[in-house]
Structures are given as structure tokens and as C-alpha cells.
Amino acid sequence: MRNTKIGTSKIWDGATIFWQVDSNGNIRTGKIMQYSPRTGKRIKHPFNHISWVHLRIKHEDFKLKQCFFGEHLLNEDTSKPIGIVESEKNAVIAAHFLKDYRWIASGGKYKSLNTSNFKILSDQKVVLFPDLGAFKTWHRKAKLMKRYGIDIRISEFLEGLSKTEKLPASYEIADYLIEKLTPETRCITEQMTTQNPALKLLIKKFELVPDDSLKEEITLNFSQRKQLKLQAIKR
């Protein structure tokens with residue numbers, strides 16, 4: 001996570017730049033977005049707060065060719081599989097909590113998840129983690145990736161979770177990780193369980209908020225397939 005290329009921009013107060021750096025260290029562009037400090041979500045009103053560095057600097061004869069956000073990290077620890085999420089924010093948060101993967105982001109439902117960028121994933125073990133509601137679209141992409149020699153799996157975790165919990169349409173894996181595993185949540189839980197030890201068993205049984213042992217279990221299951229329901233892709 002410490003090597004992730006993230007900066008700031010002055011075009012909006014507190015705007016974030018997610019730099020797209022390819023596997024050769026070339027900077028392709030930077031995606032500029034503003035997030036709400038209250039919700040952690042992108043600000044879309046009164047307009048969608050998103051822009052690009054190449055549009056701001058107005059470089060002559062610039063030809064945009066996007067790559068995955070985090071692609072420059074794929075050369076590190078190649079024993080780990082690659083986890084692909086939609087948004088850059090998801091990749092950063094997942095990299096903090098789930099270190100068994102090399103996390104990259106496609107930059108959206110379609111964006112960098114296209115045939116021109118499949119070469120970098122050839123002969124790699126890859127797991128797709130679509131946002132809620134995007135499973136069918138990414139499942140079709142996974143079938144295409146399989147034809148390009150990519151060892152591909154896709155997680156059904158959020159789709160399965162939505163059948164037992166009421167989730168907002170924009171729910172992402174980062175939402176789940178923050179809700180379940182942040183220190184603030186754990187601190188509150190520890191205070192409650194100290195006063196009433198019986199709560200700890202209740203919390204663990206129903207996975208309301210994981211303690212450290214449950215955090216380890218969730219991380220392990222990400223690697224295995226049980227918790228996140230990784231689906232193998234057939235041709």
C-alpha cells in the first residue's frame with residue numbers, strides 16, 4: 001500500500017489523484033476525484049467531481065492509453081494472486097486489509113478491463129471482485145479473459161451477502177471491509193464485550209463485527225474460496 005501512487009489536486013478542496021503507472025514505470029495519466037469526508041463516497045452533486053491530469057495540463061499531441069491503477073505493483077511479490085476491483089479507492093483499502101493479493105483497479109465497470117490490457121495478466125492467477133450489481137457484466141469479461149490464457153476466478157461474495165443483508169446499490173468490497181474491520185469498530189466492540197463477555201460469542205457467531213481471530217478467518221477465506229465464493233470460469 002505504501003508504494004501506491006496517490007496525490008492531491010487543488011482543483012477541488014481535498015481532491016485526490018490516482019496515478020496510472022504501467023508495469024514499466026511510465027505515467028499514463030492521473031484520475032482526479034473528490035470524496036466526501038463524511039461518507040467516503042465520491043461527490044456527484046451538484047456535478048460529478050471527476051477529472052484527469054492530462055486534461056488539466058493540456059499536453060500537445062497527448063494520446064491517452066490507460067492502464068490498471070496499481071499496475072506498477074504487479075512486479076512485486078509475484079507469488080501472490082492479483083485481485084481486481086472496480087474503483088481505485090477499493091484497491092487501496094483492500095491492499096490495507098487483505099495482503100494476500102496484489103490489488104489493482106480497472107477504474108470502472110469496463111474501463112481498463114479490456115483486451116488491450118489483458119497481456120499484463122497473462123499466465124497470472126487473477127480474482128475479480130465486482131461491485132454489487134456488476135457480477136453478470138464481469139462474469140462475461142472473465143470468460144473472455146480465460147481465452148487469453150488468464151487463470152481467472154470471480155467472487156460472488158457481495159451478491160451472496162445481498163441475499164441475507166439489505167445493501168445499498170453502490171455497495172463495494174471496501175464498504176464491507178471498513179464496516180467489519182476498522183479499528184474504530186473493533187474498539188467499540190471491545191468496550192462492549194468487556195462489560196458483557198457474552199456479547200463476544202454472539203458477535204462472532206453472527207459475524208456482526210469480527211475480533212482479531214475473526215479478522216484472520218476472513219483474510220484466510222479470501223485466499224481460499226469459502227468465504228468469498230470464488231467461482232471458476234469455464235470456457
**OP:** Please answer: with hydrophobic residues joined when any side-chain heavy atoms are less than 4.5 Å apart, are V126 and L144 in the same cluster?
**Re:** yes

**OP:** Evaluate whether atom NZ of K80 has more than 12 neighbouring non-hydrogen atoms of other residues, nucleotides or ligands under 6.0 angstrom away.
**Re:** yes

Subject >> Least distance between heavy atoms, R42 atom then N48 atom >> reply: NH1-OD1, 2.7 Å

**OP:** Rounded to the nearest 0.5 Å, what's the gap from OG1 on T8 to CD1 on I17? Could you check?
**Re:** 6.5 Å

**OP:** Verify the ring-centre separation between F129 and W103: is it less than 6.0 angstrom?
**Re:** yes

Subject >> Main-chain N/O of G30 paired to K5 side chain as donor or acceptor, under 3.5 Å >> reply: no

Original post:
Taking all atoms of both residues into account, what is the closest heavy-atom pair of A15 and I32, and its distance?
Top reply: CB-CG2, 4.0 Å

Subject >> Sub-4.5 Å side-chain heavy-atom contact between T16 and K89 >> reply: no

Original post:
Donor-acceptor pair, N117 side chain versus N114 backbone, under 3.5 Å?
Top reply: no

Subject >> Rounded distance (nearest 0.5 Å) linking atom OG of S122 with atom CE of M145 >> reply: 9.5 Å

Subject >> Side-chain ion pair, E88 and K31, N-O less than 4.0 Å >> reply: yes

Original post:
Looking only at heavy atoms, what is the nearest atom pair of L167 and L158, with distance?
Top reply: CD1-O, 4.2 Å

Original post:
After noting the C-alpha distance and the side-chain angles of V127 and I84, does the key distance pass the side-chain contact (heavy atoms from CB on, under 4.5 Å) rule?
Top reply: CA-CA 6 Å; V127 180; I84 303 182; over 6 Å; no

Original post:
Under 4.5 Å between any side-chain heavy atoms of S87 and E172, yes or no?
Top reply: yes

Original post:
Under 4.0 Å between a Lys/Arg side-chain N and an Asp/Glu carboxylate O for K41 and D175?
Top reply: yes

Subject >> Distance (rounded to the nearest 0.5 Å) between K143 NZ and I154 CD1 >> reply: 10.5 Å

**OP:** Report yes if some heavy atom in the side chain of S155 is under 4.5 Å from a heavy atom in the side chain of F135; otherwise report no.
**Re:** no

**OP:** Starting from the C-alpha separation in whole Å, work towards a yes-or-no answer on side-chain contact (heavy atoms from CB on, under 4.5 Å) for I120 and F68.
**Re:** CA-CA 10 Å; I120 194 70; F68 292 103; 3.9 Å; yes

Original post:
Distance-only, no hydrogens or angles: does the R28 side chain make a donor-acceptor pair with backbone N or O of Q20 under 3.5 Å?
Top reply: no

**OP:** Decide whether W12 and Y35 are clustered together by the hydrophobic rule: side chain heavy atoms of Ile, Leu, Val, Met, Phe, Trp, Tyr closer than 4.5 Å, transitively.
**Re:** no

**OP:** Could you tell me whether K119 atom NZ has more than 12 heavy atoms of other residues or ligands within 6.0 Å of it?
**Re:** no

Subject >> Close side-chain approach of R102 and Q124, heavy atoms under 4.5 Å >> reply: yes

Original post:
Can you get from I11 to L55 by hopping between Ile, Leu, Val, Met, Phe, Trp and Tyr side chains that sit under 4.5 Å apart?
Top reply: no

Subject >> Interatomic distance, R147 atom CZ to I152 atom CD1 [nearest 0.5 angstrom] >> reply: 13.0 Å

Subject >> Heavy-atom neighbours of D13 CG exceed 12 at 6.0 Å >> reply: no

Original post:
Same cluster or not: are V21 and W52 linked, directly or through other Ile, Leu, Val, Met, Phe, Trp or Tyr residues, by side-chain heavy atoms under 4.5 angstrom apart?
Top reply: no

Subject >> Nearest heavy-atom neighbours spanning S106 and W138 >> reply: OG-CZ2, 3.6 Å

**OP:** Locate the shortest heavy-atom distance separating E71 from S23; write the atom from each residue and the value.
**Re:** OE2-N, 3.1 Å

Original post:
Atom CD1 in I50, atom CD in Q34: separation rounded to 0.5 Å?
Top reply: 12.0 Å

Original post:
Short question: side chain of E159, backbone of G133 - any donor-acceptor pair under 3.5 Å?
Top reply: yes

**OP:** Side-chain contact test, heavy atoms from C-beta onward, threshold under 4.5 Å: evaluate it for S51 versus R56 and give yes or no.
**Re:** yes

Original post:
Are any of the side-chain heavy atoms of L177 and H96 separated by less than 4.5 Å?
Top reply: no

Subject >> Transitive ILVMFWY side-chain link Y148 to L121, under 4.5 Å >> reply: yes

Subject >> D151/R153 ion pair, N-O < 4.0 Å >> reply: yes

Original post:
Taking the side chain from D22 and the backbone from N24, do they hold a donor-acceptor pair closer than 3.5 Å?
Top reply: yes

**OP:** List the atom of T29, the atom of V53, and the distance in Å for their closest heavy-atom pair.
**Re:** OG1-N, 4.1 Å

Subject >> Any donor-acceptor N/O pair, T78 side chain to N75 backbone, under 3.5 Å >> reply: no

**OP:** Step through it carefully: locate the ring centre of H49, locate the ring centre of F47, and say whether they are under 6.0 Å apart.
**Re:** yes

Original post:
Taking it one step at a time, do F62 and I57 satisfy side-chain contact (heavy atoms from CB on, under 4.5 Å)?
Top reply: CA-CA 10 Å; F62 178 82; I57 63 176; over 6 Å; no

Original post:
Taking the six-membered ring for Trp, are F157 and Y176 ring centroids under 6.0 Å apart?
Top reply: yes

Original post:
Tell me, do P130 and T137 make a side-chain contact under 4.5 Å, heavy atoms counted?
Top reply: no

Original post:
Passes side-chain contact (heavy atoms from CB on, under 4.5 Å), D131 versus Y171? Steps please.
Top reply: CA-CA 6 Å; D131 291 352; Y171 201 76; over 6 Å; no

Original post:
Can you find a pair of side-chain heavy atoms, one from I178 and one from I93, that are under 4.5 Å apart?
Top reply: yes

